[in-house]
Every structure is written in C-alpha cells, then in structure tokens.
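FYI, the numbering just counts along the sequence from 1. The structure displayed is predicted, hence computed values, not measured ones.
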Amino acid sequence: MWSFRGAGGARGAEVTQPEVRSDPVGRATRRGGWRAAKVAMRRVARLGRGAVVGLLLAVHAVAAFEPITVGIAIGAATALTGYLSYTDLYCRFAECCREKQPLNASALKLELEEKLFGQHLATEVILKALTGFKNNKNPKKPLTLSLHGWAGTGKNFVSQIVAEHLHSKGLRSNFVHLFVSTLHFPHEQQIKLYQDQLQGWIRGNVSACASSVFIFDEMDKLHPGVIDAIKPFLDYYEQVDGVSYRKAIFIFLSNAGGDLITKIALDFWRAGRKREDIQLKDLEPVLSVGVFNNKHSGLWHSGLIDRNLIDYFIPFLPLEYRHVKMCVRAEMRARGSAIDEDIVTRVADEMTFFPKSEKIYSDKGCKTVQSRLDFH
C-alpha cells in the first residue's frame with residue numbers, strides 16, 4: 001500500500017491503492033487485542049470496582065492494537081466508573097480528532113515570539129490566520145498557507161510549531177501528514193499516478209478527521225501539475241463527493257521566491273529602513289506572481305494560484321548576523337547548556353554572509369547552527 005508517515009518515517013509511493021492511517025491492523029493483531037480485552041473484562045467482573053485501575057492499565061496496553069479493541073475495554077471501564085464519558089476515557093489512551101478544540105492563541109504567540117527569530121511578518125500572519133480560521137465555526141474553505149524563503153529561515157520549524165498547537169502529537173499525530181516532494185513524488189513520468197494517490201490519501205484522512213493538517217515540503221522541487229490534483233479540496237465547495245474539506249489546513253513550504261524576498265529586504269536595508277517596516281503588502285503580490293511564473297516551482301502556472309485558493313503567501317526574510325546569534329543561544333538552551341557568548345560569537349562568525357560587498361544575510365540562515373555548535 002501507498003502510505004505516508006510523519007517526518008523521518010516516510011515511505012515512497014509504489015502502488016496505486018492509498019492507505020488511510022486509521023485503517024485497522026492485521027487480523028492476527030486484532031485477535032490478540034480481543035483476547036486482551038476479554039481477559040481484562042473477566043477480571044473486572046470478578047473483582048468489581050476495585051479492578052477499574054487495573055482495567056485502565058490494560059486499556060493502555062491494548063491501545064497498541066486497534067481502536068475497536070480499546071473500545072471494548074474502555075466500555076467496560078466506563079460502565080463501572082460512571083465518572084467519565086466513553087469519549088473522554090477513550091481519548092486518554094488513544095489519540096482523538098478533536099475538531100472543536102479551540103486554538104490556544106496566546107501559547108502559539110508566545111512560542112513563535114520566543115523561538116522564531118527575525119520573522120515578524122511570518123509570526124503576525126500565521127497567528128492571525130490560524131486564530132481567525134479556528135474561531136470560525138463555519139469556514140467557507142480550508143485554510144491554505146504558502147511559506148516562502150531561503151533555507152534555514154524557519155519554514156520547517158514553524159510548520160512543526162503549528163502542527164503541535166493544532167494536534168498535540170505534532171508531526172507524530174495521526175492527523176498531521178507530511179509530504180516531501182523528492183521522497184514521495186520523485187518521478188516526473190508518474191505525475192498522473194501521484195495525483196490519483198494524493199486525492200485518495202487526502203479524501204480518506206479528511207473523512208477520518210475533518211481538521212487534518214497536510215504539510216507539503218520542498219514545493220520548489222515538486223513536478224508542476226502534481227499539486228493541482230488537490231484543487232477541488234481547497235475550493236469553496238460545501239462538499240466534494242460527500243466529504244467536507246472546509247476545516248482542514250494545508251501548508252506549503254518552498255524556497256521559491258527567496259530571491260524576490262531578499263531583494264526587497266535588501267532595498268529596505270540600503271534605504272536605511274528597518275526590516276520590521278516591511279509589510280505583507282510589500283511582498284505578497286510579488287511572491288504570488290513570481291512563484292506562479294517560476295518554472296522551477298511546484299506552483300508553476302498552478303490553478304491554486306490562478307483560482308486564488310492560497311489564502312496567504314507568507315515571506316520568510318533572510319537572517320542577519322544578530323539572528324544567527326539568537327539561534328545559537330536558543331540551541332544552547334535547548335541542550336541545557338549555559339550561554340557562553342564567546343562560543344555564540346565564534347559559531348556566528350563561522351557562517352558565510354551575502355551580498356559579497358555588504359555581507360548582511362546568512363546564506364544558510366540558521367540551518368547549520370546545530371552541527372557547528374557540536375564542534376565547540
């Protein structure tokens with residue numbers, strides 16, 4: 001089967017039958033799960049209410065098998081306790097799709113401000129877009145964000161933060177799906193196959209969880225035409241073949257447009273204006289047109305842009321020397337190390353900067369900070 005996993009565990013597309021992540025496990029595993037549940041229930045029948053704790057522990061072990069098996073044991077525990085609803089108890093041991101769970105905007109804002117450096121536009125736009133979308137009980141279409149900028153500026157990092165605030169397990173969640181263009185769609189001659197598989201995968205997972213999140217990385221390396229397969233799902237339709245996609249979120253990550261973003265940022269710097277003065281209106285129109293006409297972009301002449309189905313083109317600005325130092329300090333804190341400013345400066349000084357004449361922006365952003373810090 002064709003199956004996508006989260007970061008680091010992806011498998012490529014080989015055959016045409018998509019596999020929805022919520023499918024039951026194999027028959028042998030299922031039989032084992034049923035036996036575990038029955039044993040737990042028989043013990044409860046003998047011991048009464050005092051066995052509830054033991055049953056819940058059994059449920060936790062059984063959760064590794066399948067939802068139906070977990071449901072049997074949880075049903076018994078619920079009947080005995082009377083304190084928790086079936087759904088509440090089930091969701092303590094198995095991940096649930098909580099479609100109505102509100103977004104903690106304050107927590108998201110704090111994390112973006114503390115961990116994302118030099119990206120005032122991305123922080124502002126992503127926060128407003130997600131808050132508005134999640135607060136809307138009846139959105140007219142899925143939320144679609146396209147993140148653009150050079151490598152190391154924070155696009156992947158932000159997508160991980162967003163995923164964690166939408167579903168607690170983040171990229172490990174059954175309801176967050178990561179696609180990497182060079183891994184999942186490598187062959188240009190198989191575009192039609194990829195389109196069919198992509199539609200089946202998205203349809204199946206949104207059917208299982210309306211608030212599913214789909215992240216497409218390396219959009220600049222995606223073969224043009226592949227992404228247009230999902231155009232019906234992003235449009236203003238109440239349903240497509242009986243499935244509503246209006247509460248889903250789609251995020252595209254791309255290096256395409258990085259040169260346009262850098263040019264405008266550099267123009268501001270040379271004019272003596274602060275980077276914080278750059279507004280979305282200064283970049284978004286240029287980005288959408290530039291990406292649409294970029295033959296090396298998966299969005300080249302895409303119907304997603306032509307039909308205005310991408311809600312926000314979000315620019316990630318090139319990082320300056322001071323931002324690289326912020327990244328080094330953050331990595332030190334993440335490792336539990338004391339901040340040593342001498343090391344911070346040495347790591348930042350090892351990075352290369354452009355343009356050659358002014359050397360303002362890091363050509364790799366903060367991408368190599370972790371590996372460089374290992375040498376100090």
Side-chain angles (χ1 to χ4, degrees), residues 5-10 107-124 126-127 147-165 168-173 176 178 180-183 215 217-221 251 253-255 258-259 261-262 265-266 269 274-276 314-376:
R5 304 290 300 177
L108 175 59
K109 180 176 184 291
L110 182 63
E111 187 164 10
L112 289 174
E113 290 177 346
E114 288 184 348
K115 297 181 179 180
L116 184 65
F117 308 119
Q119 304 299 351
H120 68 284
L121 283 176
T123 297
E124 177 185 357
I126 289 172
L127 185 61
L147 281 51
H148 297 266
W150 290 130
T153 53
K155 302 184 301 297
N156 288 87
F157 185 54
V158 163
S159 68
Q160 292 175 28
I161 292 175
V162 168
E164 289 167 1
H165 282 268
S168 60
K169 290 189 176 181
L171 292 179
R172 296 180 293 106
S173 170
V176 176
L178 174 65
V180 181
S181 297
T182 52
L183 178 63
I215 301 171
D217 194 11
E218 298 185 347
M219 281 293 295
D220 50 302
K221 297 179 179 66
I251 302 174
L253 312 179
S254 178
N255 290 349
D259 52 344
I261 296 169
T262 297
L266 194 56
W269 185 86
K274 297 178 180 179
R275 68 188 281 129
E276 289 76 18
I314 303 176
F316 280 67
L317 304 175
L319 299 182
E320 301 172 9
Y321 180 82
R322 59 191 171 105
H323 301 126
V324 174
K325 295 182 78 171
M326 292 178 183
C327 291
V328 179
R329 294 188 191 101
E331 179 61 21
M332 284 181 162
R333 284 192 291 269
R335 297 183 181 192
S337 304
I339 305 300
D340 187 326
E341 289 299 331
D342 288 338
I343 294 179
V344 170
T345 300
R346 288 205 298 270
V347 172
D349 288 344
E350 290 174 2
M351 309 291 279
T352 54
F353 294 80
F354 71 97
K356 289 184 179 180
S357 56
E358 292 131 318
K359 295 185 177 180
I360 307 166
Y361 304 120
S362 170
D363 61 356
K364 294 184 177 67
C366 286
K367 201 172 187 66
T368 60
V369 162
Q370 291 185 0
S371 59
R372 289 180 183 272
L373 192 56
D374 291 337
F375 289 95
H376 294 276

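Checking side-chain atoms of R329 against main-chain N and O of V344 turns up no donor-acceptor pair under 3.5 Å. In this structure, R275 contributes its side chain and P318 its backbone to a donor-acceptor pair below 3.5 Å. Not one N or O on the side chain of T262 forms a donor-acceptor pair closer than 3.5 Å with the backbone of D259.
Just one of H148, K221, K155 meets the side-chain hydrogen bond (donor to acceptor under 3.5 Å, both in side chains) condition when paired with N255; it is K155. Results of the side chain to side chain contact (heavy atoms under 4.5 Å, CB included) test with F354 over D363, L266, I360 single out D363 as the only residue that passes.
Across S181 and D217, no two heavy atoms sit closer than the pair OG-O, 3.1 Å. Among all heavy-atom pairs drawn from L116 and T153, the shortest one is CD1-O, 4.2 Å. Taking both residues in full, the closest heavy atoms of G152 and L319 are given as O-CD1, 3.5 Å, listed atom of the first, atom of the second, then distance. Residues V324 and G365 share a closest heavy-atom pair of CG2-O, 3.9 Å. Nearest approach of D342 to D340, heavy atoms of both residues: N-OD1, 3.0 Å. Of all heavy-atom pairs spanning Y321 and A348, the tightest one is CE1-CB, 3.7 Å.
No salt bridge links E276 with K274; every basic N to acidic carboxylate O contact stays at or beyond 4.0 Å.
Atom-to-atom distance recorded for T123:OG1 and L112:CG is 5.0 Å, nearest 0.5 angstrom. How far NZ of K325 is from OG of S362: 14.0 Å, rounded to the nearest 0.5 Å. E113 contributes atom CD, which lies 9.5 Å from atom CG of L108 (distance to the nearest 0.5 angstrom). For the atom pair CZ (F316) and CG (L147), the distance works out to 4.0 Å, reported to the nearest 0.5 Å. To the nearest 0.5 Å, atoms CG (L121) and CD1 (I261) are separated by 9.5 Å. Atom OG1 of T368 is separated from atom CE of M351 by 3.5 Å, given to the nearest 0.5 angstrom.
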inquiry  = Under the criterion side chain to side chain contact (heavy atoms under 4.5 Å, CB included), I'd like the reasoning laid out for H376 against E350: C-alpha separation, chi angles, the key distance, then a yes or no.
reply    = CA-CA 12 Å; H376 294 276; E350 290 174 2; 2.9 Å; yes
task = Decide yes or no on side chain to side chain contact (heavy atoms under 4.5 Å, CB included) for M332 and L373, but give the supporting numbers first.
result = CA-CA 8 Å; M332 284 181 162; L373 192 56; 3.9 Å; yes
task = May I have the step-by-step check of side chain to side chain contact (heavy atoms under 4.5 Å, CB included) for M219 and L253, ending in yes or no?
result = CA-CA 6 Å; M219 281 293 295; L253 312 179; 5.7 Å; no
query = Between L183 and E218, does a side chain to side chain contact (heavy atoms under 4.5 Å, CB included) hold up when you go through it step by step?
reply = CA-CA 10 Å; L183 178 63; E218 298 185 347; over 6 Å; no
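Annotation: side chain to side chain contact (heavy atoms under 4.5 Å, CB included) contacts of D374 (sequence neighbours excluded): R335. Applying the side chain to side chain contact (heavy atoms under 4.5 Å, CB included) rule to E111 yields the partners K115, I161, E164, H165; only residues at least two apart in sequence or on another chain are considered.
Side-chain contact between I215 and L171: present, with at least one pair of heavy atoms (C-beta onward) separated by less than 4.5 Å.
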